[in-house]
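Input: a single structure, listed below in structure tokens.
Predicted model, so just to flag it, every value in this text is computed and none were measured. Labels below follow one simple rule: chain letters A, B, ... track the order of the sequence lines, proteins then strands, and each chain is numbered from 1.
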2 protein chains.
Amino acid sequence: MPESEARPTSAADLDMVDAVVQLSFAVQGVLGRLAAEHDLSITQLRLLAILRDRNPGMLELARHLGLEKSSVSGLIDRAEGRHLVTRTAAPVDGRGVLVTLAPAGRRLVEQVADQVIAELVALLAPVPAGERARLSRLATLVVQQQAAQRDVDLSAGLLANLSP
Amino acid sequence: MPESEARPTSAADLDMVDAVVQLSFAVQGVLGRLAAEHDLSITQLRLLAILRDRNPGMLELARHLGLEKSSVSGLIDRAEGRHLVTRTAAPVDGRGVLVTLAPAGRRLVEQVADQVIAELVALLAPVPAGERARLSRLATLVVQQQAAQRDVDLSAGLLANLSP
DNA sequence: TATTGTTATACTCTATAACTATA
DNA sequence: TATAGTTATAGAGTATAACAATA
């Protein structure tokens, strides 16, 4: 049953929710399409982006990606099969594995990142120059609050470290 | 190679792109989590949302969802197996099939839609009341331009018909 | 015992290609 | 022939549960 709230959801709020949902589909569509052009899923692209400045273990990767460790095993298997990443033994802990970006993976992620930025800048072209900072601020407000509430590492996002 | 543009991407543009990408992940995360709580994928949820006010054929559904017709066959198979939708013969064309929301499917999509709206209103709570209309307008600008460029039916979005 | 990671298994999602039935 | 839809097949992605190796 829909809970009866003290203050019902306003039409303006619904408009905002609707617009933001549709924008999110547009953005994810660009990401998915560009990734697919290189035979990557969005998850694989996120994986490569995370590895740009880190050599995490499997559990850490699972946490960053929001996946089970067994799912990450398969993900790394396939990426390693394409020579995009490599597994190396962890220095001290004999059980551990460190995942590293291979040269081909690094070239690929840099290339896709450039394309993503170019296409998203084009997608967002209708936003007047004078409103861009405001849009950034509003989106950042929302994301930061959510990250704080869920204790999530923001830098695990696709583009957080992608900007030059 | 990254193309050398006349006007290079500004830091403000990069900030905007970054913020919008992260917001899109946050929104999709809410959608995916709520859908999963009812054993739905985002695609299944979109399917049910589309069927709220339409009884399309398989090809039309494929176009709305951006999938191959064979993918839609499987999607409908599984939804029909859960008694969420039904296939009925098209009136005139003996080859056609119309997909209809079953009672259980309608109950489910209404329930999830209520939850989606509630959670996204909560997610967007940090946006000051005075800025909501502006955020709606900016997001709508972007989405409308994209829809125009790609000749896409906006009402196929998850929430376009979801609002009361 | 606890932790790190892999393997076995099962299911959804998606695509391509071949097929059936109707137009 | 062309169109609407299904089926066969293959692979990615994901999860749960059981396992192995190390701490």
Side-chain angles (χ1 to χ4, degrees), chain A residues 25 28-29 31-33 35-48 50 54-100 108 158, chain B residues 25 28-29 31-48 50 54-82 84-100 108 158:
Chain A
F25 275 106
Q28 296 283 315
L31 294 178
R33 179 167 46 78
E37 285 178 10
H38 299 275
D39 280 301
L40 295 172
S41 65
I42 289 187
T43 301
Q44 293 270 5
L45 180 54
R46 289 180 66 202
L47 165 67
L48 298 184
I50 289 170
R54 261 166 294 200
N55 297 324
M58 302 298 279
L59 285 181
E60 193 181 347
L61 262 180
R63 191 169 51 74
H64 278 313
L65 292 168
L67 297 175
E68 286 299 314
K69 58 186 180 174
S70 62
S71 304
V72 177
S73 278
L75 202 67
I76 300 299
D77 283 348
R78 294 184 289 274
E80 204 173 21
R82 293 173 59 182
H83 305 103
L84 299 177
V85 309
T86 54
R87 284 178 167 99
T88 60
V92 297
D93 191 330
R95 301 164 297 180
V97 162
L98 298 186
V99 184
T100 306
L108 182 55
L158 174 61
Chain B
F25 275 107
Q28 296 282 316
L31 293 179
R33 179 168 46 77
L34 288 177
E37 285 178 10
H38 300 276
D39 280 300
L40 295 172
S41 64
I42 289 186
T43 301
Q44 294 269 6
L45 181 55
R46 289 180 65 202
L47 165 67
L48 298 184
I50 289 169
R54 261 166 295 201
N55 297 325
M58 301 298 279
L59 285 181
E60 192 180 348
L61 262 181
R63 193 170 48 76
H64 279 312
L65 292 168
L67 297 175
E68 287 300 312
K69 58 186 181 176
S70 61
S71 304
V72 177
S73 278
L75 203 66
I76 301 299
D77 284 348
R78 292 184 290 273
E80 204 173 22
R82 293 173 59 181
L84 299 177
V85 309
T86 52
R87 282 178 168 99
T88 60
V92 296
D93 191 330
R95 301 165 298 180
V97 162
L98 298 186
V99 183
T100 308
L108 182 56
L158 174 61

*Nearest-neighbour nucleotide for the B/S73 side chain, D/dT7, D/dA4, D/dA15 considered*: D/dT7

*Calculate the interatomic distance between A/K69 atom NZ and D/dA17 atom P; express it in whole Å.*
12 Å

*Length of the CZ-C1' vector between A/R46 and D/dT14, whole Å*: 14 Å

*Report the distance from atom CG of A/L40 to atom P of D/dG11, rounded to the nearest whole Å.*
18 Å

*Going 5' to 3' along DNA chain C, which nucleotides are the first and last within contact of chain B (any atom under 4.0 Å from a heavy atom)?*
C/dT12 to C/dA23

_Between D/dA10 (C1') and A/R78 (CZ): distance, integer Å_ = 14 Å

*Interatomic distance where CD belongs to B/E60 and C1' belongs to D/dG5 [whole Å]*: 15 Å

*For DNA chain D, whose closest nucleotide is more 5', that of B/M58 or that of A/L75?*
B/M58

_Length of the line joining A/Q44:CD and D/dT14:C1', which is rounded to integer Å_ = 13 Å

*Looking at B/A79 and B/L47, what are the two nearest heavy atoms and their distance?*
CB-CD2, 4.3 Å

*Which is true for B/S41 with a 4.0 Å heavy-atom rule: it touches a base, it touches only sugar-phosphate, or it touches nothing?*
sugar-phosphate

*asked:* With a cut-off of less than 4.0 Å, is there a side-chain N or O of B/R87 near OP1 or OP2 of D/dT6?
replied: yes

_A/L67 vs A/T43, test: side chain to side chain contact (heavy atoms under 4.5 Å, CB included). Steps then yes/no._
CA-CA 10 Å; A/L67 297 175; A/T43 301; 4.0 Å; yes

*Could you state the atom-to-atom distance from CZ of A/R82 to C1' of D/dG13 in whole Å?*
14 Å

*For residues B/L40 and B/R82, report the shortest heavy-atom separation together with the two atoms involved.*
CD2-NH1, 3.8 Å

*OP1 or OP2 of D/dT6 sitting under 4.0 Å from any side-chain N/O of B/S70?*
no

_Rounded interatomic separation in angstrom, taking CD from B/E68 and C1' from D/dG11_ = 16 Å

*By a strict heavy-atom criterion of less than 4.0 Å, which residues belonging to residues 88-97 of chain B are in contact with DNA chain D?*
B/R95, B/G96, B/V97

*Go through the steps to decide whether B/L45 and B/L34 satisfy the test side chain to side chain contact (heavy atoms under 4.5 Å, CB included), and finish with yes or no.*
CA-CA 10 Å; B/L45 181 55; B/L34 288 177; over 6 Å; no

*Let me see the working for B/L48 and B/V85 under side chain to side chain contact (heavy atoms under 4.5 Å, CB included), right down to the final yes or no.*
CA-CA 8 Å; B/L48 298 184; B/V85 309; 3.9 Å; yes

*Would you name the heavy atoms of B/R87 and B/S73 that are closest together and state the gap between them?*
NH2-O, 3.4 Å

*4.5 Å side-chain heavy-atom contact, B/L61 and B/I76*: yes

*Determine the minimum heavy-atom distance between B/L98 and B/G57, stating which atoms define it.*
CD2-N, 4.1 Å

*asked:* To check you understand the geometry: which heavy-atom pair defines the closest contact between A/H38 and A/L108, and what is its length?
replied: ND1-CD1, 3.7 Å

